[in-house]
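Every value quoted in this text rests on a predicted model; they were computed, and no experiment measured them. In each ligand, atom 1 is the first atom listed, and ligand 1 is the first ligand listed.
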Amino acid sequence: MSSNTQSLDVTIIGGGMITNDLLLPSLFHLQRTGVVAKIAICALDSPPLKALAESREFQDAFPGQGFTPHPSLKDAPEKKFPELYKEVVAAMAPGNMVVVAMPDHLHNEVVRQALEHEQNVLCVKPLVLQHEQAVEIQKLAAERGRFVGIEYHKRFDRRSLVARRGYSLGQFGAFVMGEAKLIEPYYYRFSNFQNWFTCQHTDPFTYIGCHYVDLVYFITGLKPVEVSVQGVKGRFPNGNEAYLWSHGRVTWENGALLSVINGLGYPDAAAGSNDQGLIMYCEGEGETGLIFHDDHNRGVAYSYLEGIGPGGSKYNYVSPDFFRLVPWEGAGYKPIGYGYDSVAGITATMQRMNSEAAGLAPEAALARRQQFLREVDARGLIATPANSSINELVVEAARLSILNRAAPVRIVYGDHPHVE
Ligand SMILES: NC(=O)c1ccc[n+]([C@@H]2O[C@H](COP(=O)([O-])OP(=O)(O)OC[C@H]3O[C@@H](n4cnc5c(N)ncnc54)[C@H](O)[C@@H]3O)[C@@H](O)[C@H]2O)c1
């Protein structure tokens, strides 16, 4: 990184749904605005890469843009390359960006690998499934002066940002009782999820409940101290057993309670694309306050002529807020929404860190980057291993609880935060 505004080369690891729906189109747009230089994608095998490369939607939105696939599109579709990402990351010049977008239980190894090769990391949530691993990642990132941003995009939803500011100004009182839900569509059961979303690896609370737990922490600054999660098991079409539904209760350090319901079962025929929202009641002086976010029906409904909505539906609640490709001043379409804002915010922060350290001698550059990381941690807007590891504690507690039929699991803070 020599000049002050150098673009970042990006390698995305994982070519699945989140890469298609959010990461790649966001990075394509950042490529044309000059934040990102080359884009490579490494997947387990060639079929998802082929689908991304041939996507009509991307060709229309980002004419003339593309990515380098690993493995090559010519490799036999059934041939697997579980270790290929190691070579691809090792071949990157230092100070660029690795995007981790593979199944949750693989994040730890890949994030570490990227840091050991001096890369900055954007990791989809959850960072890792164990708090101890998050602590190690934080240490490694701090030592090397490399940035790890966890892509909790709900933080970038304008309503979350407004609520965070209002809460910090005392406009609502103290959070006391709340309810969050996020029910993903039924059709998810037919996706690649059936291969990894199994009881021993994850569950709906861990997969999506964490978004709202993170959001309550983001809005209030309160830490969760106890978690209890009950799961409802079922089978995927391929026969794998999974928790298809979950019901969680999170207790916060001030005694507040949050119910969290999650599942893979929002009806395909319903007006989707999923069901989600948050209600938080707060105690004030002589009155109560309320935060209510309907994240499901944001006031826009379309009835299409063809069944092009999620799950093949015609009538849909459409969210213009998360991610949409829309006309802009340039060629094709541009992404808008808090999903894009989150990816762009994390990527631009890495670029800014590199710019601030550019031209300094290696030791001074490292010190500058380390100082920059501490500032991002303290600001608390972008989730980092240092400022969001309550999420790992919650996930760890939730996994323990759901595997033990909703046993309450406590989170203990102090010098060595842990669950018990
Ligand atoms: N709202 C969100 O923030 C959100 C939404 C969806 C997914 N996610 C997260 O994104 C991650 C991936 O989810 P998804 O829905 O895209 O899953 P997916 O099953 O659709 O895709 C997983 C991808 O990982 C790749 N992969 C697996 N092993 C690999 C290996 N050894 N080397 C290279 N690639 C490998 C597969 O090829 C596949 O392309 C998960 O951690 C999930 O929790 C976050």
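The heavy atom nearest to atom 24 (O) of ligand 1, out of those in P82, P103, C210, is found in P103. One option in K125, M102, H211 has a heavy atom closer to atom 30 (C) of ligand 1 than any other, and that option is M102. The closest heavy-atom contact to atom 19 (O) of ligand 1, among the options L52, N192, T206, comes from N192. Between atom 41 (O) of ligand 1 and the options L129, I150, L106, D104, the minimum heavy-atom separation is to D104. Considering Y188, F81, W196 only, the shortest heavy-atom separation from atom 17 (O) of ligand 1 involves W196.
Checked against the 6.0 Å centroid criterion, the rings of F81 and H70 do not qualify as a close aromatic pair. For H29 and F62, the gap between ring centers reaches or exceeds 6.0 Å. The six-membered or imidazole ring of F175 lies away from that of Y281, with a centre-to-centre distance of 6.0 Å or more.
The aromatic rings of F322 and H153 are tilted relative to each other, their planes meeting at an angle between 30° and 60°.
The protein heavy-atom contact nearest to atom 20 (O) of ligand 1 is M17 N, 2.9 Å. The protein heavy atom nearest to atom 37 (O) of ligand 1 is L44 N, 3.1 Å. Of all protein heavy atoms, the one closest to atom 25 (C) of ligand 1 is G14 CA, 3.7 Å. Scanning the protein for heavy atoms near atom 21 (O) of ligand 1, the closest one is G16 CA, 3.2 Å. The nearest protein atom to atom 9 (C) of ligand 1, hydrogens excluded, is given as V124 CG2, 3.5 Å; this is a heavy-atom distance. Looking at atom 6 (C) of ligand 1, its nearest protein heavy atom turns out to be Y207 OH, 3.3 Å.
Heavy atoms of S191 found under 4.0 angstrom from ligand 1: none, in either backbone or side chain. Residue contacts with ligand 1 for N195 are absent, since no atom lies close enough (heavy atoms, distance under 4.0 Å). The proximity of I18 to ligand 1, defined as any non-hydrogen pair under 4.0 Å, involves the side chain as well as the backbone. Residue-level proximity to ligand 1 for Y152 is absent, since no heavy atom of it falls below 4.0 angstrom. Contact annotation: for E83 versus ligand 1, there are no heavy atoms closer than 4.0 Å.
For ligand 1, the atoms sitting less than 4.0 Å from at least one non-hydrogen atom of G15 are 23 (C), 38 (C), 39 (O), numbered in the order shown with element in parentheses. For ligand 1, the atoms closer than 4.0 angstrom to any heavy atom of F193 are 15 (O).
The local environment of NZ in K38 is sparse, with at most 12 non-hydrogen atoms from other residues, nucleotides or ligands closer than 6.0 Å. A 6.0 Å sphere centred on CD of E306 holds no more than 12 heavy atoms belonging to other residues, nucleotides or ligands.
Between the side chain of D268 and the main chain of G311, no donor-acceptor pair closer than 3.5 Å is present.
R146 and E118 are joined by a salt bridge, as a carboxylate oxygen and a charged side-chain nitrogen come within less than 4.0 angstrom of each other. The pair R155-D214 counts as a salt bridge, with a side-chain nitrogen and a carboxylate oxygen less than 4.0 angstrom apart.
Contact analysis puts H107 in contact with ligand 1, with a non-hydrogen atom separation below 4.0 angstrom.
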Exercise for review: Apply the test side chain to side chain contact (heavy atoms under 4.5 Å, CB included) to residues V148 and L127: give CA-CA distance (whole Å), side-chain angles for both, the deciding distance (0.1 Å), then the verdict.
Suggested key: CA-CA 9 Å; V148 177; L127 175 63; 4.1 Å; yes
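Judged by a 6.0 Å distance limit and a 45° cone about the ring axis, K223 is not positioned over the six-membered ring of Y217. Figure legend: R189 and F236 shown without cation-pi pairing, the cationic atom not lying both under 6.0 angstrom from the six-membered ring centre and within 45 degrees of its axis.
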